[in-house]
Every structure is written in structure tokens, then in C-alpha cells.
Amino acid sequence: MALVNENYLKLPGSYLFSEIARRVSQFKEENPQADIIRMGIGDVTRPLVPAVIEAMHKAVDEMGRPETFRGYGPEQGYEFLAQKIIENDFLPRGVKLDVDEVFISDGAKTDTANFQELFGLDNIVAVTDPVYPVYVDSNVMAGRTGAFNAKGQFDKLVYLPCTEENGLKPELPNTKVDLIYLCYPNNPTGMTLTKDELQKWVDYARENRAIILFDAAYEAFITEDNVPHSIFELEGAKEVAVEFRSFSKNAAFTGTRCAYTVVPKELVVYDSQGQSHSVNRLWLRRQTTKFNGVSYPVQVAAAAVYSEQGKKQIKESIDYYMANAKIIREGLQEAGFKVYGGVNSPYIWMQTPDKMPSWDFFDKLMKKAHVVGTPGAGFGVSGEGYFRLTAFNTKENTVEAIERIKAKFRS
Ligand SMILES: *Cc1c(COP(=O)(O)O)cnc(C)c1O
């Protein structure tokens with residue numbers, strides 16, 4: 001008799017986006033004329049840039065000629081891409097890395113979900129609340145949590161609330177934790193930490209021999225100077241952190257798939273005898289066993305992100321989204337809403353009027369303004385009373401949506 005991994009049974013149904021889709025389609029059925037603007041999108045809307053497409057075309061042609069055909073590549077990615085990553089994303093910020101500290105993969109979602117495999121089941125895991133659900137669910141599946149409780153949280157997991165009181169910045173845990181997931185710029189809140197604020201986490205991890213799993217998928221959207229682009233800009237971070245990056249949001253690779261994870265050679269994890277083990281070696285072992293690399297044309301396409309043309313074209317896309325973010329942020333402020341994010345991130349996290357439950361506000365916004373967003377409660381208990389809007393849309397739609405919100409909700 002085949003037995004199920006009972007950890008999977010602890011997971012409540014993935015309710016957020018299916019429930020949104022259900023409510024939108026019901027509303028459309030009842031109001032076929034309504035021109036709905038979707039501001040809940042967590043996916044880019046602008047296409048791959050010409051420099052990337054051109055490089056990918058060439059690489060596809062190479063695959064069709066015997067003298068340039070490539071079969072299996074290195075599981076951890078081609079050196080030509082790892083070199084470009086180091087030279088462009090890290091060296092200019094004073095971070096030196098070796099090529100074998102960069103692991104190219106098919107997604108930061110995959111890597112943030114898989115990385116927990118290297119760690120024992122007794123580790124105490126801390127996540128921010130609200131949170132990108134992948135960190136939580138992957139640890140539930142592995143058996144690192146208890147049951148889903150009446151509060152709507154998993155037992156044994158340590159939640160770090162991000163609330164109005166702490167300015168949506170998590171405080172250091174007051175109980176000992178071993179693994180800490182941090183995502184900055186943050187999805188869903190759009191908030192960032194300054195260098196000093198992030199340094200406190202690095203120091204905590206060093207003192208407690210904890211490991212920080214740092215998700216920097218939105219790094220390219222940072223506009224302010226005192227916001228670190230990489231956790232490795234901070235003193236001692238290589239001893240305690242892994243960093244996840246992705247070409248998804250900066251370069252529109254959400255459907256093309258390419259990302260990378262930096263695992264410094266200084267980073268160690270301990271066995272029950274107190275012996276240290278290289279996390280880099282363990283991740284290499286894991287990837288060479290369970291992963292066969294990203295396709296050659298996609299890695300060539302990702303390398304083109306760092307070409308002169310590629311950089312210029314990608315910057316245009318990011319500027320386009322960030323102009324939308326500014327329209328949303330300032331428009332909502334004018335309408336009297338309290339808003340966070342949207343300065344170093346394509347996400348705007350708004351307080352609902354009078355702390356209205358976020359699903360009620362979802363309905364109200366859809367019915368009155370024909371604008372769809374994402375209820376904060378879908379990202380965690382502390383997301384209740386908040387609502388996420390994204391800049392991934394056309395400028396025209398963004399302007400129109402904000403005009404409607406102002407007209408219907410101005411306080
Ligand atoms: C979009 C996103 C990613 C990127 O995932 P990919 O698998 O690389 O597309 C990672 N983390 C967060 C928080 C995200 O929102």
C-alpha cells in the first residue's frame with residue numbers, strides 16, 4: 001500500500017489566486033460591460049527585449065549545426081553566464097565571487113523551494129508575515145512545521161510580523177531560530193531594508209549560527225542609495241547567507257526561465273556532532289543529482305541581459321514599470337490611502353480604508369472601480385487590512401485605474 005507524505009495533507013488548498021479568478025469571472029458574468037483593469041498581476045507584462053531575442057535566435061541556430069550543437073551542459077550552469085553575473089551584478093558593488101559560487105537554475109521559485117532540503121528537520125524556520133508563500137509551503141512539505149492552526153498559521157514556524165507599528169520591517173526573533181527567509185525588495189509589501197537594518201540580521205545569524213535565505217528577485221527595481229542590492233555587500237554575510245536572484249522580473253524571463261543562486265564557500269552548516277560542512281558542496285551535490293541545467297539558448301539569452309544593448313533596453317522596461325509604481329503610489333496617497341512600497345519595488349502595499357477586511361475591499365474595489373488587486377490576507381495573517389497593487393501593466397491602464405480609485409474612494 002502506497003502511503004502519502006502526510007506533510008502535504010497539512011497544506012490548505014491554494015486558495016488565493018483561484019478565489020480571485022472565481023470572483024472576477026462571476027462579476028464579469030453579471031456585468032459583461034465592465035472594463036476590468038487587473039492590478040493584481042505578479043507577472044511582467046512587457047516582452048523580452050530585442051538584445052535577448054537576438055542572442056537566443058543565434059543560440060538556437062547553433063543547436064542545429066553539428067559543429068556547434070550542445071548536449072548536456074554543466075548542471076550548475078555555463079561559466080560564460082556565471083562570469084557575466086559576477087562582473088555585472090557583484091563586482092561593481094565590491095562583492096568578489098568565484099564562478100563556482102554561482103549556481104544557474106530555472107527559477108528562484110524552484111531554488112527557494114528546494115534549498116531547505118540541505119537542512120535537518122529540527123531547524124526552526126522564521127519567515128516574515130506577510131510572506132511569499134513558497135518559503136512556507138516548501139518547509140511544510142518537508143515536515144519542518146506542525147499543523148495549520150486556527151490562527152491560520154503553521155505550528156512550529158516562527159512568524160515575524162510586519163505591521164504598521166514596526167513600519168513593515170520585521171524585528172529580530174525573540175526565540176532562537178536557525179533558518180531565516182528574507183525577501184528584499186519585498187513581495188508583497190514593496191518594502192526594503194537599509195544596509196544598517198540588514199546588517200542586524202547578518203549579525204544575528206553570525207551570533208546564532210543561523211542561515212539567512214535571502215531572496216533578491218526584485219533587486220533591479222531598487223532606486224534608493226542606502227538599500228543594499230546584495231546581502232553580500234554587508235560585513236560577514238558570506239558566512240551566513242545564500243542569495244537568490246532571477247531574470248524573471250528584471251528581464252521578463254518569467255516564461256523563459258532563468259535564475260541563479262549564490263552560495264559562498266565560507267557558508268557552513270553543522271551536524272549533530274558540531275562538525276561543519278560546506279553548504280556550497282552540499283548544494284552542488286544536490287543540483288548535480290537532481291537537476292540537469294538550464295537550456296543553452298536560455299543561458300545565452302540571459303548573458304545578453306548584460307550586453308550594452310541589453311542593459312539599456314532592460315532599464316527602459318524597469319523605468320516604465322517604476323513610472324507606473326509612482327503613479328499608483330502618489331495617486332493613492334492623494335486619495336487619502338496609507339501606502340507602502342512602490343519606490344524600490346513594482347509592488348504597492350496599501351492599507352484598506354478603516355482597516356476593512358482585505359477580501360471585502362477586493363469586492364468593493366472590483367464593484368465600484370472595476371479594478372482587481374490582491375487581498376493582503378492571502379500573504380499571511382498580518383496582511384489582513386492591506387491590499388497589493390502591482391505596476392506590471394500599461395501606463396494607460398495604470399492611470400485609468402488610479403483615476404477610478406480616486407473618483408470612487410477619495411476621503
Ligand atoms: C517572482 C518571484 C520570484 C521569481 O521566481 P522565478 O521562479 O525565478 O520566476 C522569486 N521570489 C519572489 C518573492 C518572487 O515574487
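On a predicted model such as this, the values are computed, not experimentally measured, just so you know. Because only heavy atoms are used, hydrogens play no part in the values below, and waters and symmetry mates are left out as well, while side chains stay in. Atoms within a ligand are numbered from 1 in the order they appear, just like the ligands themselves.
Looking at Asp215 and Thr112, their side chains never bring a donor and an acceptor atom within 3.5 Å of each other.
Taking the six-membered ring for Trp and thresholds of 30 and 60 degrees, Tyr321 and Phe221 have ring planes inclined between 30 and 60 degrees apart. Note on ring orientation: taking the six-membered ring where Trp is involved, the planes of Phe90 and Phe232 are tilted (angle from 30° to 60°).
Within 4.0 Å of ligand 1, protein heavy atoms belong to Gly107, Ala108, Lys109, Tyr132, Tyr135, Cys183, Asn187, Asp215, Ala217, Tyr218, Ser246, Ser248, Lys249, Arg257, listed by chain and number.
The stretch residues 148-191 participates, sequence neighbours left out, in these ring-ring contact (aromatic ring centres under 6.0 Å, His included) pairs: Tyr135-Tyr181, Phe148-Phe154.
Cation-pi geometry between Arg209 and Tyr270 is met: under 6.0 angstrom from the ring centre, within 45 degrees of the axis.
Here NZ of Lys200 is found 10.0 Å from CD of Glu171. Values are rounded to the nearest 0.5 Å.
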